[in-house]
Amino acid sequence: MNKTRIYYFAIFLSIIFLGILSRKIPFIPLWIGDFLYAVMIYFLVRIFFPFKNAFLIFFLSLLICYCIEFLQLYQAEWIIELRKTLFGRYVLGQGFLWSDILAYTFGIFSAFISEKIILKFFTQKSE
């Protein structure tokens with residue numbers, strides 16, 4: 001595994017920790033968890049495609065998040081049972097909300113912009 005993937009993986013794990021923590025602290029709004037979920041998806045995609053164009057990662061991450069959210073409209077018995085598990089609840093969610101779409105969009109956009117700023121800073125620093 002190259003250095004870039006290791007960095008993205010460390011960020012990915014940190015975001016998972018923060019996301020779980022955000023659900024355990026009562027005064028943190030629920031949308032923060034959805035925001036962090038989207039950031040996590042962005043960096044998960046980055047782990048698999050570390051050198052792809054950032055715009056492609058942005059759109060692929062949005063597509064994944066939107067598909068997962070719209071999948072919540074599907075209510076077959078087997079997926080309802082899967083959503084009752086810890087894995088299903090965290091990965092697939094429980095119910096469709098337009099506010100989740102907004103939180104996902106904002107989260108992925110924030111990750112994209114943050115990555116651009118950080119990479120620009122390190123690129124200028126190394127010159």
Side-chain angles (χ1 to χ4, degrees):
M1 197 184 309
N2 64 31
K3 231 183 206 184
T4 305
R5 280 197 168 114
I6 292 170
Y7 291 142
Y8 286 132
F9 187 69
I11 294 168
F12 172 77
L13 290 178
S14 300
I15 298 299
I16 289 174
F17 175 75
L18 290 173
I20 292 171
L21 189 62
S22 78
R23 296 293 186 183
K24 304 295 181 191
I25 301 173
F27 63 84
I28 295 180
L30 288 177
W31 67 267
I32 295 293
D34 298 318
F35 172 89
L36 291 170
Y37 180 83
V39 173
M40 179 204 66
I41 293 292
Y42 181 88
F43 286 105
L44 178 63
V45 173
R46 262 296 183 212
I47 290 168
F48 289 103
F49 305 107
F51 303 110
K52 291 291 184 184
N53 183 301
F55 288 108
L56 176 66
I57 302 303
F58 175 84
F59 288 114
L60 186 56
S61 301
L62 271 181
L63 179 66
I64 291 168
C65 285
Y66 288 178
C67 285
I68 290 171
E69 189 65 23
F70 280 101
L71 183 64
Q72 293 174 21
L73 295 171
Y74 182 64
Q75 295 295 318
E77 188 62 36
W78 70 270
I79 202 163
I80 291 171
E81 290 301 315
L82 182 59
R83 287 183 186 123
K84 290 178 183 177
T85 66
L86 183 65
F87 170 82
R89 188 168 54 252
Y90 280 146
V91 174
L92 300 175
Q94 304 226 39
F96 178 85
L97 294 171
W98 284 106
S99 60
D100 289 353
I101 296 287
L102 187 60
Y104 296 155
T105 304
F106 186 58
I108 290 171
F109 182 74
S110 297
F112 170 77
I113 293 299
S114 298
E115 182 184 30
K116 285 289 199 185
I117 291 169
I118 291 168
L119 287 176
K120 185 177 180 182
F121 173 76
F122 281 112
T123 303
Q124 288 176 350
K125 191 176 179 181
S126 67
E127 291 177 354

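Follow the hydrophobic side-chain contacts under 4.5 Å out from Phe51 and you never reach Val45; the two are in separate clusters. Follow the hydrophobic side-chain contacts under 4.5 Å out from Ile47 and you reach Phe59 in the same cluster. No single ILVMFWY cluster, assembled from side-chain heavy atoms under 4.5 Å apart, contains both Leu30 and Leu18. Connection of Phe43 to Ile68 is established within a shared hydrophobic cluster, with ILVMFWY side chains joined at heavy-atom distances below 4.5 Å, either directly or through further cluster members. A continuous path of hydrophobic side-chain contacts links Leu36 to Ile64 [ILVMFWY only; heavy atoms under 4.5 Å].
The CD1 atom of Ile57 sits 11.5 Å away from the CZ atom of Phe48 when rounded to the nearest 0.5 Å. Between Leu62 atom CG and Phe109 atom CZ the span is 10.5 Å, to the nearest 0.5 Å. Residue Tyr37 holds its OH atom at 10.0 Å from CD1 of Ile108, rounded to the nearest 0.5 Å. Rounding to the nearest 0.5 angstrom, the gap separating the OG atom in Ser61 from the CZ atom in Phe49 is 10.0 Å. Annotation: the span from Glu69 atom CD to Leu92 atom CG amounts to 11.0 Å, rounded to 0.5 Å.
Pairs engaging residues 90-112 under the salt bridge (Lys or Arg N to Asp or Glu O under 4.0 Å) rule: none recorded [sequence neighbours left out]. The salt bridge (Lys or Arg N to Asp or Glu O under 4.0 Å) analysis of residues 77-88, with sequence neighbours excluded, yields the pairs Glu81-Lys84. Residue pairs satisfying the salt bridge (Lys or Arg N to Asp or Glu O under 4.0 Å) criterion with at least one member in residues 101-118, sequence neighbours excluded, are listed as follows: Arg46-Glu115. Residues in residues 54-66 take part in no salt bridge (Lys or Arg N to Asp or Glu O under 4.0 Å) pair, two or more places apart or across chains.
Ser14 meets the side chain to side chain contact (heavy atoms under 4.5 Å, CB included) test with no other residue; sequence neighbours excluded. Checked against side chain to side chain contact (heavy atoms under 4.5 Å, CB included), Tyr74 has the following partners two or more places apart in sequence or in another chain: Leu71, Ala76, Trp78, Ile79. Listed by chain and number, the residues in a ring pair (Phe, Tyr, Trp, His ring centres under 6.0 Å) with Phe55 are Phe112 (sequence neighbours excluded). Residues passing the side chain to side chain contact (heavy atoms under 4.5 Å, CB included) test with Pro29 are Trp31, Ile32, sequence neighbours excluded. A search for salt bridge (charged side-chain N to carboxylate O under 4.0 Å, His left out) contacts involving Asp34 returns Arg23, not counting sequence neighbours. Taking Tyr66 as the reference, Thr105 meet the side-chain hydrogen bond (donor to acceptor under 3.5 Å, both in side chains) condition, with sequence neighbours excluded. Residues passing the ring pair (Phe, Tyr, Trp, His ring centres under 6.0 Å) test with Trp98 are Phe70, Phe96, sequence neighbours excluded. Residues passing the side chain to side chain contact (heavy atoms under 4.5 Å, CB included) test with Leu86, sequence neighbours excluded: Arg89, Tyr90.
Among all heavy-atom pairs drawn from Cys65 and Ala38, the shortest one is SG-CA, 3.9 Å. In this structure, Pro50 and Thr4 approach most closely via the heavy-atom pair CB-CG2, 3.9 Å. Of all the heavy atoms in Ser22 and Gly33, the pair that sits closest is OG-CA, 3.6 Å.
Within the 4.5 Å cutoff, the side chain of Tyr104 has no heavy atoms near those of the Ile41 side chain. The shortest distance between side-chain heavy atoms of Leu13 and Phe17 does not fall below 4.5 Å. Residues Ile16 and Phe12 have side chains in contact (heavy-atom distance under 4.5 Å, counting atoms from C-beta outward).
Counting only distance, with no hydrogens or angles, the side chain of Ser114 and the backbone of Ala111 share no donor-acceptor pair below 3.5 Å.
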Quick one: do Ile15 and Tyr42 satisfy side-chain contact (heavy atoms from CB on, under 4.5 Å)? Show the steps, please.
CA-CA 11 Å; Ile15 298 299; Tyr42 181 88; over 6 Å; no

